[in-house]
2 protein chains.
Amino acid sequence: MSEEDELTVRQKKILDVIIKNYLETGEPVGSRTISKSSDLNLSSATIRNEMSDLEDMGYILQPHTSAGRIPSDKGYRFYVGELMNSQKDTSPPDSTSQMLVQRTDRLEKMLKQVVDVLAANTNYTSMISAPAITGVRVKFVQLSAVNEHQLLSVVVMDGNAVRNRLINIDEPLNNEDLLKLNMLLNTNLSGLTVNDINLALIKKLKSQAGEYAPIIENVLENVAGTIEQDEGRTIYTSGTTNIFKYPELSDANRASHLISTFENKEELENLVNEIETDDEGNPNGISVFIGDDIPNMPDVSVVTAKYDLGEGFKGTIGILGPKRMDYENVMKNLKSLKKQLSDIVDSSRIGAKKEPKRIEAKKDIKEKKE
Amino acid sequence: MSEEDELTVRQKKILDVIIKNYLETGEPVGSRTISKSSDLNLSSATIRNEMSDLEDMGYILQPHTSAGRIPSDKGYRFYVGELMNSQKDTSPPDSTSQMLVQRTDRLEKMLKQVVDVLAANTNYTSMISAPAITGVRVKFVQLSAVNEHQLLSVVVMDGNAVRNRLINIDEPLNNEDLLKLNMLLNTNLSGLTVNDINLALIKKLKSQAGEYAPIIENVLENVAGTIEQDEGRTIYTSGTTNIFKYPELSDANRASHLISTFENKEELENLVNEIETDDEGNPNGISVFIGDDIPNMPDVSVVTAKYDLGEGFKGTIGILGPKRMDYENVMKNLKSLKKQLSDIVDSSRIGAKKEPKRIEAKKDIKEKKE
DNA sequence: GTTAGCACTCAAATCATTAGAGTGCTAATA
DNA sequence: TATTAGCACTCTAATGATTTGAGTGCTAAC
């Protein structure tokens with residue numbers, strides 16, 4: 001990929017101008033334009049020579065003989081990696097359009113909000129994968145009798161993920177037995193991860209439960225279900241139709257392909273997974289995938305960030321747009337959101353121990369849309 | 001709308017041919033085509049005269065002077081109402097492509113499945129609104145201590161809708177008090193609908209709860225939440241990108257408009273609501289909305305059916321496509337699904353009282369996609 | 001009432017022409 | 001030796017003229 005980085009300062013400058021210009025206009029940029037709009041004070045002829053070299057090196061290309069140049073995927077990558085203004089980082093991300101994420105008591109709503117904010121701020125399509133839970137532990141189990149023929153099993157896991165399940169029973173259960181069962185379950189399951197619950201443990205539980213063994217089975221399925229439900233990882237998306245704002249993406253074929261990918265969560269999940277693999281140890285925890293980096297989607301770029309909510313809750317947040325997207329703004333937004341996300345959750349974690357704030361935060365939700 | 005239905009038999013026949021032909025091809029149909037393809041044995045000139053009359057009466061129209069005719073909205077309506085082959089109803093709806101809805105224990109998954117089936121069978125876009133709960137009653141309330149600082153409130157409503165809420169408390173609650181609170185809540189709330197829970201009752205509960213009044217408040221919010229969550233009515237959609245299969249809908253503007261309507265559930269909800277109003281007492285419980293019937297969407301048709309799962313669970317299921325959609329197939333599919341839906345729920349209701357089938361049904365889910 | 005015949009209309013396809021943006025190359029210049 | 005002016009050349013996109021053909025409406029004959 002890097003065959004001797006032999007770009008002269010001037011070449012870098014020219015490449016920078018070409019890309020910046022193309023990001024704005026979406027039109028191929030010609031030598032004359034560069035000669036005039038840059039402070040290089042070079043004639044178009046000189047620029048032409050340099051451009052010819054840049055093209056030979058693969059940083060730019062010509063849509064056709066008599067057109068200007070546009071950045072190649074390699075050019076974009078160079079731009080993101082070296083040319084882009086990354087020291088401006090300190091400035092607040094586009095404060096006018098920036099919308100803060102409001103606190104809410106439901107993770108789901110928060111995620112939905114995050115993608116909405118992101119799509120609105122960037123004018124691209126955004127997505128966020130709900131946190132994958134890894135290694136969460138059982139916190140609390142409770143069986144209660146709803147009526148003579150139904151038990152309700154409630155399982156609370158770390159991070160307060162709650163799952164219910166109704167269990168139908170043939171014979172009513174008396175209160176003592178119910179209490180015993182609850183005791184049995186809590187003493188044996190609390191603090192365990194799903195992986196800890198092995199056959200031996202199940203056997204032990206069942207034998208201790210005696211005639212209630214079938215109920216144990218159901219409860220355990222409920223515990224498993226807590227994980228399972230998040231395994232078909234939910235992905236929230238927003239701003240799908242933003243792709244129509246970019247002519248290079250909005251012809252029927254491309255648009256249909258993109259949108260159906262976003263509609264079909266499984267496909268989207270694959271995309272995210274395939275992309276995630278080689279995303280390790282990069283500077284700000286932000287990864288940029290351009291064009292042929294992305295399977296089946298040579299005309300778009302995807303920028304992703306991982307977020308970590310602690311307690312094993314992790315997920316990916318990303319935005320998809322045309323290759324000529326405003327990488328700078330997008331990365332700023334992602335970085336900011338990433339920070340906000342962990343901040344919010346931190347404070348809510350701490351707050352939760354002091355006052356019942358989970359509830360009062362609810363009203364905030366209404367005000368989200370601008 | 002009906003200004004003396006003065007269509008002769010021959011005119012009806014011609015109109016029928018025009019529409020059938022147009023449904024298939026999507027091209028304006030001319031007099032010569034009709035003359036040849038129908039069994040009327042009339043010359044094109046005669047057909048032309050009749051067509052001229054049909055146009056005067058508003059059943060068909062010409063895209064431009066030298067083109068054939070296409071059905072007007074009025075024409076479509078007449079077709080759906082009188083011309084369409086509705087006696088074929090008895091035949092099974094397109095048995096090859098028909099996919100049965102599998103039983104599942106989660107309403108949500110079932111609905112998702114239904115829209116998927118519908119979209120796959122029709123090649124149009126489908127949507128289903130999750131059941132709106134009206135007048136459901138509280139079945140069971142349970143508070144349990146998760147740890148010293150958190151209570152878990154679980155509310156089960158009719159139809160086994162369950163909601164949880166974590167309540168943070170300052171002081172640990174001893175077991176006796178917890179039991180008393182549970183007793184208090186269950187005796188007072190069981191069997192009530194949300195509307196029944198008025199200020200007087202709340203006051204009474206709070207005073208009886210003494211120092212635990214704040215907890216009562218939280219539990220009541222939880223009860224209210226059961227309803228509330230379904231008020232922002234979830235709508236599931238599928239096959240959005242099918243619109244790209246119909247050139248008349250797939251230009252950037254229209255497509256963008258349609259797709260964003262489907263992405264933004266609020267808008268979609270409005271659409272469904274506006275449409276629902278005048279949908280009363282029609283033959284099979286199926287309503288057809290064509291072109292200007294639908295606010296802001298003159299180029300599409302929507303066919304809807306209401307479903308009723310009993311116990312106050314009702315919703316709407318619908319499909320959206322080009323005006324030249326295959327109404328016959330669509331209506332057949334809707335009718336069949338409507339039936340399957342209520343059948344499934346009926347059988348699961350009955351089954352639920354006898355054996356724990358909610359659980360064993362789960363494995364079915366995996367097999368759904370073809 | 002039906003039909004043949006014909007003039008007329010109009011969209012869409014095809015083709016030729018033009019305009020202009022941009023390049024590459026060469027020769028002159030500093 | 002690096003830069004630049006100048007010019008021929010290329011190719012797209014826009015414009016406009018022409019043709020084609022499907023389809024109609026009307027009239028007159030059957």
Side-chain angles (χ1 to χ4, degrees), chain A residues 6-15 17-22 24-72 75 247-248 250-251, chain B residues 6-15 17-22 24-72 75 247-248 250-251:
Chain A
E6 38 184 18
L7 287 193
T8 67
V9 175
R10 196 167 72 177
Q11 282 171 330
K12 286 187 189 175
K13 227 165 186 171
I14 292 176
L15 183 54
V17 175
I18 293 177
I19 297 186
K20 288 241 166 64
N21 198 303
Y22 186 70
E24 267 183 37
T25 64
E27 300 279 302
V29 8
S31 55
R32 192 120 191 293
T33 317
I34 301 175
S35 163
K36 279 191 295 182
S37 75
S38 78
D39 50 357
L40 293 163
N41 282 327
L42 292 174
S43 76
S44 60
T46 314
I47 305 277
R48 274 203 290 284
N49 291 331
E50 296 285 32
M51 284 168 91
S52 180
D53 292 349
L54 281 172
E55 184 166 11
D56 287 345
M57 289 186 277
Y59 289 99
I60 54 181
L61 43 85
Q62 266 183 305
H64 56 262
T65 331
S66 72
R69 304 304 211 293
I70 63 174
S72 68
E248 65 263 49
S250 56
D251 65 299
Chain B
E6 36 182 22
L7 287 193
T8 67
V9 174
R10 196 167 74 178
Q11 282 172 330
K12 287 185 188 173
K13 226 162 186 173
I14 292 175
L15 183 54
V17 174
I18 294 176
I19 298 186
K20 289 242 166 67
N21 198 302
Y22 186 70
E24 267 182 35
T25 64
E27 300 279 303
V29 9
S31 55
R32 191 117 190 295
T33 316
I34 301 175
S35 163
K36 280 191 294 183
S37 74
S38 78
D39 51 358
L40 293 164
N41 283 327
L42 291 174
S43 76
S44 61
T46 313
I47 306 279
R48 275 203 288 285
N49 291 330
E50 296 285 33
M51 285 168 91
S52 180
D53 291 350
L54 281 171
E55 182 166 14
D56 288 345
M57 291 185 278
Y59 289 98
I60 54 181
L61 42 83
Q62 265 183 306
H64 56 263
T65 330
S66 70
R69 306 302 213 292
I70 63 174
S72 67
E248 65 264 50
S250 56
D251 65 298

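All figures in this text were calculated on a predicted structure; none of them were measured in a lab. Letters A, B, ... are given to chains in the order of the sequence lines, protein chains preceding strands, and every chain is numbered from 1.
- Rounded to an integer number of Å, the gap from CD of A:Q11 to C1' of D:dA2 is 14 Å.
- Here the CG atom belonging to A:L15 is positioned 6.0 Å from the CD1 atom belonging to A:I18, to the nearest 0.5 angstrom.
- The separation between B:Q62 atom CD and D:dG23 atom P is 11 Å, rounded to whole Å.
- Counting to the nearest Å, the C1' atom of D:dA2 and the CG atom of A:L40 are 15 Å from each other.
- As a whole-Å value, the separation of A:R69 CZ from D:dC11 C1' is 14 Å.
- Backbone-only contact: A:T65 has heavy atoms under 4.0 Å from sugar-phosphate atoms and none from a base.
- Residue pairs meeting the salt bridge (Lys or Arg N to Asp or Glu O under 4.0 Å) criterion with at least one partner in residues 56-66 of chain A, sequence neighbours excluded, are absent.
- Between A:R32 atom CZ and D:dA5 atom P the separation is 11 Å, expressed in whole Å.
- An OP1 or OP2 oxygen of D:dG23 is reached within less than 4.0 angstrom by no side-chain nitrogen or oxygen of B:S66.
- Judged by closest nucleotide on DNA chain C, B:A45 is the one of A:A45 and B:A45 placed further toward the 5' end.
- Within the 3.5 Å criterion, the main-chain N or O of B:G58 finds a donor-acceptor partner in the side chain of B:S72.
- Atom NZ in B:K36 sits roughly 11 Å away from atom C1' in D:dA22 (whole-Å rounding).
- Between the CD1 atom of A:I47 and the P atom of D:dT4 there is a distance of 9 Å, given to the nearest Å.
- For B:R48 and D:dA22, the shortest distance from a side-chain N or O to OP1 or OP2 is not below 4.0 Å.
- A:N41 has its CG atom 12 Å from the P atom of D:dA5, to the nearest Å.
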Could you list, one pair per line, each protein nitrogen or oxygen that sits under 3.5 Å from a nitrogen or oxygen of nucleotides 16-20 of chain D, together with the distance?
none

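- Annotation: B:K20, atom NZ; neighbour count of heavy atoms from other residues, nucleotides and ligands within 6.0 Å is above 12.
- Within the 4.0 Å cut-off from OP1 or OP2 of D:dT4, at least one side-chain nitrogen or oxygen of A:S43 is found.
- Of the options A:R48, A:R69, A:K36, a side chain to side chain donor-acceptor pair (under 3.5 Å) to A:S31 is made by A:R48 and by none of the others.
- A 4.5 Å side-chain heavy-atom check between A:D53 and A:E50 finds at least one atom pair inside the cut-off.
- Between the side chain of B:Q11 and the main chain of B:T8, a donor-acceptor pair closer than 3.5 Å is present.
- A:L42 is listed as a side-chain neighbour of A:R10, based on a closest heavy-atom distance under 4.5 Å.
- Residues B:I34 and B:V17 approach most closely at CG2-CG1, 4.2 Å, considering heavy atoms.
- First and last contacts of DNA chain C with chain B, using any nucleotide atom under 4.0 Å from a protein heavy atom and ordered 5' to 3', fall at C:dT2 to C:dA11.
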